[in-house]
Amino acid sequence: MDKKVRVRYAPSPTGFLHIGNAQSALFNYLFAKHFGGTMVLRIEDTDLARNVEHGEESQMKYLHWLGIDWDEGPDKPNPKYAPYHQTERNKKGIYKKYIDQLISEGKAYYDYATEDELQQMREEQKKNGEAPHYDGRWYHASEEDIAAAKAKGIKPSVRFHLPKNHTYEWNDWALGKVEFNSDNLGGDFIIEKNNGMPTYNFAVVVDDHLMEITDTLRGADHIANTPKQMAIYEALGWEHPHFCHISLIFNPATGKKLSKRDKNTLQFISEYHREGYLKEAIFNFIAFLGWSPKGEQEIYSKEALIKAYDPHRMSKSPAFFDQKKLDWINAQYIKKTDVNDLVDRIMVLIHEQETEIAKKLNGLGYSDDQMKDVILRTVHVHQHDVNKLTEIMEHAYFYATVLDHDMDYSGLKDFDHDDTLKVLQGLKDAVKDQPDDTDPQTYLNLIKQVGKDVAVKGRNLYFPLNITFYGHSSAPQINEIMAIYHPATIVKLLDKAIAAL
RNA sequence: GACCCGUUGGUCAAGUUGGUUAAGACACCAGCCUUUCACGCUGGUAACGUGGGUCCGAAUCCCGCACGGGUCACCA
């Protein structure tokens, strides 16, 4: 790289951060960090009507949560490039200057066509089997026509005049060589709306140039925009950045681009957070959506990804969203995350109360310390067998409310009545005077001792205990589950089981 | 419809200059471990859309076809 790398993630605040946004932000981040460059956050808010309240704030919040931090942006302005909102840049006349320049050079012109008129034009073209395109009707407009339109009070938009039969070609990091003919671009396109706002294709060029962006990484849905933008770079006499089109994320169920309407897939990063996915897992997973490293390793920390990142390895074909793989990656991260760290993260989820299970746990009325205690004990048992933090929460809720559950004791009948009674009775005697913080090892010793005393072992010893304390003959290490409960609870569970014998 | 892009096992995905026993992961199955479940470990099944070329040799290059997708806004 001869120039200092500068990249940008440029969301429009028309919604909350979804997987596709995060993917785009993430690759820009990896690119910047890998090459020791600068990541810029720019807000493309030129569509006044579609801007969503709190959209920007929420996007920034979840970008930070994921660990995608930018070096420059609305909250970290560099005076040389600020401001970072396109609406503010428009107020400063940044776009107007270049619009005027293009008009005076005859490369852009006013268009007085109304939206209805344009709509009608496109429909007719479609009917005739033509590709919808602007026919250039105002390019050669006469003085009279213009005067008449002005007299009617029509506010014009500004169109960029596309050269005829001109080839635009670029070398894409992901795609390699791509070329378009200017005749297939849909005709002259609008660069300034009649409300004075620049359109995306124009603003993005001006801003990327002024902000000295060296590499533009964006979704593959922008491929067809690229030649239009190149036309503007050319008209303004600027060099265009190196482009990279990130493969789109597909829904395996529909075979189409992940859509906000796909109910079976979580769309928003906030949803992954509240469902108990770790940010490290999401980061790792998304990095593999449209890119892959050289070796066989699947689990990569952020730092490792930054190091391994190579834009040449961006893939061309669509990236399919593999939910099971995500769950597996999340499970890997849960396994290797420190127990207390997991407890803290779960406490955050409980406090946020954004899921049913979080609300249920909250409804227990526990103090923070009590809650942490239950969660910690549960994490010890389940850290290695869950995919999501919410599953640990479900388990914790079960243990916290175990006495309220109707246990299925029918399985007890599969074992010798007298032996089982002796085991349960013996364990009750052994447990009733144990302190609250009795550890799993002690409980294991107690179980073994009771087994020895009454001469019962193996599954005849353990299965009834599984049923008694867990409700199923198959359970995790039953002594560990006992350590979650308080001895008084254990005694009550034993009483219930004995009564059911 | 036009223009671009893509097509490797059930799923995801390596295979940058043509020569590989065509990686790896998830899922699945089996065995081991375990009181059981899960975890873990070991092993296994399984793939180059199609038809033509070029070449000693094609998953890799060329052409056609099929299928899938993206884009054709005063949205970004």
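Every chain is numbered from 1 and lettered A, B, ... according to where its sequence line falls, protein lines coming before strand lines. This is a predicted model, so every value here is computed, not measured. Both backbone and side-chain heavy atoms feed into the values below; hydrogens, waters and symmetry mates do not.
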Is it the case that the base of [N] and the side chain of [X] share a donor-acceptor contact (distance under 3.5 Å, atom types as modelled)?
| X | N | answer |
| --- | --- | --- |
| N225(A) | A76(B) | yes |
| N195(A) | C74(B) | no |
| Q477(A) | U34(B) | no |

Nearest to the side chain of [X] - [options]?
| X | options | value |
| --- | --- | --- |
| K256(A) | C12(B), G70(B), C74(B) | G70(B) |
| S317(A) | G70(B), A27(B), G6(B) | G6(B) |
| E296(A) | A23(B), A2(B), C74(B) | A23(B) |
| S292(A) | A14(B), U71(B), C26(B) | A14(B) |
| D47(A) | C75(B), G24(B), U36(B) | C75(B) |
| E115(A) | G6(B), C4(B), C74(B) | C74(B) |
| R122(A) | A25(B), C74(B), U71(B) | C74(B) |
| P476(A) | U16(B), C37(B), G1(B) | C37(B) |

Residue-phosphate contact under 4.0 Å: [X] side-chain N/O, [N] OP1/OP2:
| X | N | result |
| --- | --- | --- |
| K325(A) | G10(B) | no |
| K316(A) | G6(B) | yes |
| T46(A) | A76(B) | yes |
| R313(A) | G15(B) | yes |

Inspect the surroundings of NZ in K335(A) and state if more than 12 heavy atoms from other residues, nucleotides or ligands are less than 6.0 Å away. yes
Would you indicate whether E53(A), at its atom CD, is surrounded by more than 12 heavy atoms from other residues, nucleotides or ligands within a distance under 6.0 Å? no
Pick the closest RNA chain B nucleotide for V386(A) and for A113(A) by heavy atoms, then say which residue is nearer the 5' end. V386(A)
Nearest-nucleotide 5' precedence on RNA chain B, N194(A) against N184(A): N184(A)
For [X], which contact category applies under a 4.0 Å heavy-atom criterion: base, sugar-phosphate, or nothing?
| X | value |
| --- | --- |
| K335(A) | sugar-phosphate |
| L461(A) | nothing |
| H222(A) | base |

In whole Å, what separates the [atom1] atom of [N] from that of [M]?
| N | M | atom1 | answer |
| --- | --- | --- | --- |
| A23(B) | G43(B) | P | 15 Å |
| U7(B) | G53(B) | P | 23 Å |
| U21(B) | A46(B) | C1' | 16 Å |

Pair partner, [N] [Watson-Crick or wobble, under 3.5 Å]:
| N | result |
| --- | --- |
| G40(B) | C32(B) |
| G70(B) | C3(B) |
| A59(B) | none |

Sub-3.5 Å donor-acceptor pair from the side chain of S24(A) to the main-chain atoms of G20(A), do we have one? no
Do the side chains of D208(A) and R42(A) get close enough for a salt bridge, i.e. N-O under 4.0 angstrom? yes
Do S317(A) and S315(A) have side-chain N/O donor and acceptor atoms under 3.5 Å apart? no
Please tell me whether H382(A) and Y399(A) have a donor and an acceptor in their side chains that are separated by less than 3.5 angstrom. yes
